[in-house]
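Here the structure comes first, spelled out in structure tokens, and everything after it is commentary.
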There are 2 protein chains.
Amino acid sequence: MTEARRRDANATKAALLRAAGELFTERGFDRATVRDIADLAGVNQSLLFRYFGSKEELFHAVLAIQTRELVAESPAEKVLARTLARMLDEKRDPSSQSSWYAALRSSGHDSAADAIRKQLGEDYIRALISLTDAEDADLRADLVLAWVLGLGMLRSVVGKKPLVDADPQRVAKHVLSAAATLLERLDTDPAS
Amino acid sequence: MTEARRRDANATKAALLRAAGELFTERGFDRATVRDIADLAGVNQSLLFRYFGSKEELFHAVLAIQTRELVAESPAEKVLARTLARMLDEKRDPSSQSSWYAALRSSGHDSAADAIRKQLGEDYIRALISLTDAEDADLRADLVLAWVLGLGMLRSVVGKKPLVDADPQRVAKHVLSAAATLLERLDTDPAS
DNA sequence: CGACGATGTAAGCACGCGCTTACATAACGA
DNA sequence: TCGTTATGTAAGCGCGTGCTTACATCGTCG
């Protein structure tokens with residue numbers, strides 16, 4: 001376990017994951033080619049297959065990492081505010097912006113990615129459901145999840161103005177107060 | 001202009017547009033192949049190129065048609081309710097479900113599709129902006145547009161339950177009342 | 001009829017893609 | 001020092017894709 005080795009499998013894997021996260025998010029699964037990912041990572045293409053098996057498995061690895069990062073966060077009332085803060089934080093480098101949107105873009109025919117994104121959805125949904133006593137709590141949670149996804153797509157894929165340039169606090173305030181109509185115990189304070 | 005001709009260019013074009021709309025919406029631009037579109041339309045593949053020039057131009061034609069259908073609708077206060085009703089109406093056949101989501105999925109590198117979807121966005125945004133006197137009306141409109149897109153994606157791409165099976169009236173009621181937090185003149189009656 | 005444009009068909013080309021293979025070299029223990 | 005394994009490199013294979021070409025057949029009108 002020495003550091004700064006000239007040949008370091010872990011560093012190679014990390015570089016690939018980082019590059020893959022960036023390109024998948026930016027272009028979607030289909031248009032991010034393995035050649036471009038390897039080039040961006042500064043790594044030989046065949047190593048991608050040695051360490052991850054296939055393009056799809058690499059995608060799953062990226063998704064799993066970002067899922068873990070997003071889910072392990074704070075009490076239910078704060079989850080939405082946290083997610084918004086993370087999404088709207090412009091200081092994030094591109095490689096850590098969520099590949100959720102890439103997962104959404106690459107449609108059904110990929111069962112494992114389906115499983116992962118449904119799992120992530122479930123974790124979110126569970127948190128949101130706990131914020132209301134309404135009988136249709138699960139539907140209300142779906143509606144709020146849809147909003148978060150729509151915001152991310154409109155920002156990252158379309159680059160819609162004025163949304164991309166808007167004050168994060170203001171965006172969060174609007175979304176939280178409107179969502180509170182559906183989830184009465186939601187904490188509407190934009191502060192993370 | 002006789003009818004039911006054995007050779008009819010207009011019928012061929014219409015069949016291609018219909019099939020393309022269905023497959024683009026269902027699979028996204030990249031995964032809908034020209035062979036599958038031609039097969040679904042029951043038409044020889046090369047006719048697609050004779051009548052539309054390229055896959056991209058066919059995509060633009062589909063987008064233009066659906067844009068026209070969606071935009072020319074009723075007063076501003078009713079636009080959101082109408083859109084929701086249309087999106088949630090399960091009786092629609094697949095070919096008329098919007099390819100907006102396909103446009104969203106196929107990222108930036110397509111300038112004409114960009115232009116069209118931004119144009120559609122603009123028409124929508126204009127209608128929504130007129131529903132509030134707030135100084136950040138344009139931002140609020142973006143937020144509502146994002147919600148509509150997110151709902152469509154979550155329904156058509158992920159097939160998320162309980163959202164797909166939910167009572168359209170109830171979904172519309174929730175969304176409209178929450179959106180009314182941002183757009184005070186919005187008509188919150190789900191009826192179309 | 002017969003000729004010509006409009007419409008439909010079948011075959012295949014060129015390219016980029018995901019992935020594989022065969023090999024070179026660094027790292028490290030015996 | 002040597003042999004083995006982990007890591008990196010270069011080349012290319014097979015396939016599906018968007019698109020083109022060469023040709024057959026229909027409809028129409030002089």
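Below, chain A is the first sequence line, B the second, and so on; all start at residue 1. We use all heavy atoms of the structure for the numbers below, so side chains are in, but hydrogens, waters and symmetry mates are not.
Looking at A/Glu184 and A/Asp133, their side chains come closer than 4.5 Å, going by heavy atoms from C-beta outward. At least one side-chain heavy atom of B/Arg31 sits under 4.5 Å from a side-chain heavy atom of A/Asp30.
Atom CG in B/Asp39 sits about 15 Å away from atom P in C/dG8, given to the nearest Å. In this entry the distance linking CG of A/Leu47 with P of D/dA11 reads 16 Å, nearest Å. Distance B/Phe52 CZ to D/dG18 C1': 16 Å, rounded to the nearest Å. The nearest whole Å value for the distance from the CG atom in A/Asn10 to the C1' atom in D/dG8 is 15 Å. Going from atom CZ of B/Phe49 over to atom C1' of C/dG12 covers 14 Å, rounded to whole Å. Between the CG atom of B/Asp30 and the P atom of C/dG16 there is a distance of 16 Å, rounded to whole Å. Atom-to-atom, CD of B/Glu56 to P of D/dG18 comes out at 11 Å; the value is rounded to the nearest Å. The CZ-P distance, from A/Arg31 to D/dT17, rounds to 15 Å in whole Å.
Distances were taken from every side-chain heavy atom of B/Ser54 (C-beta onward) to each of C/dT7, C/dG18, D/dC19; the shortest belongs to D/dC19. Comparing D/dT7, D/dT9, C/dG8 by their nearest atom to the side chain of A/Ala9 picks out D/dT7. Looking at the side chain of B/Thr33, the nearest of the listed nucleotides D/dG18, D/dG8, C/dG8 is D/dG18. Of the candidate nucleotides C/dT20, D/dC19, C/dC19, D/dC19 has the atom lying nearest to any side-chain atom of B/Arg35. Nearest to the side chain of B/Lys55, among D/dG18, C/dT9, C/dG18, sits D/dG18. Side-chain proximity of A/Arg7 to the nucleotides C/dG18, C/dG8, C/dT25 is greatest for C/dT25. For A/Val34, taking side-chain heavy atoms from C-beta onward, the closest of the listed nucleotides C/dG18, C/dC19, D/dC19 is C/dG18.
For the pair B/Ser46 and D/dT21, the criterion of a side-chain N or O lying under 4.0 Å from OP1 or OP2 is not met.
A/Arg140 and A/Thr132 get closest at one heavy-atom pair: NH1-OG1, 4.2 Å.
Backbone-only engagement by B/Ala32 is indicated by non-hydrogen atom pairs under 4.0 Å involving sugar-phosphate atoms exclusively. Using a 4.0 Å heavy-atom distance criterion, B/Tyr51 is classed as a sugar-phosphate-only contact. Among the atoms of the strands shown, none is found under 4.0 Å from any heavy atom of B/Ala11.
If you run side chain to side chain contact (heavy atoms under 4.5 Å, CB included) between B/Leu84 and each of B/Asp89, B/Leu151, B/Val79, only B/Leu151 comes through.
Between B/Gln45 and A/Gln45, the residue whose closest nucleotide on DNA chain C is further toward the 5' end is B/Gln45.
Taking the ring axis of B/Phe52 as reference, the NZ or CZ atom of B/Lys13 does not stay both within 45° of it and closer than 6.0 Å to the ring centre.
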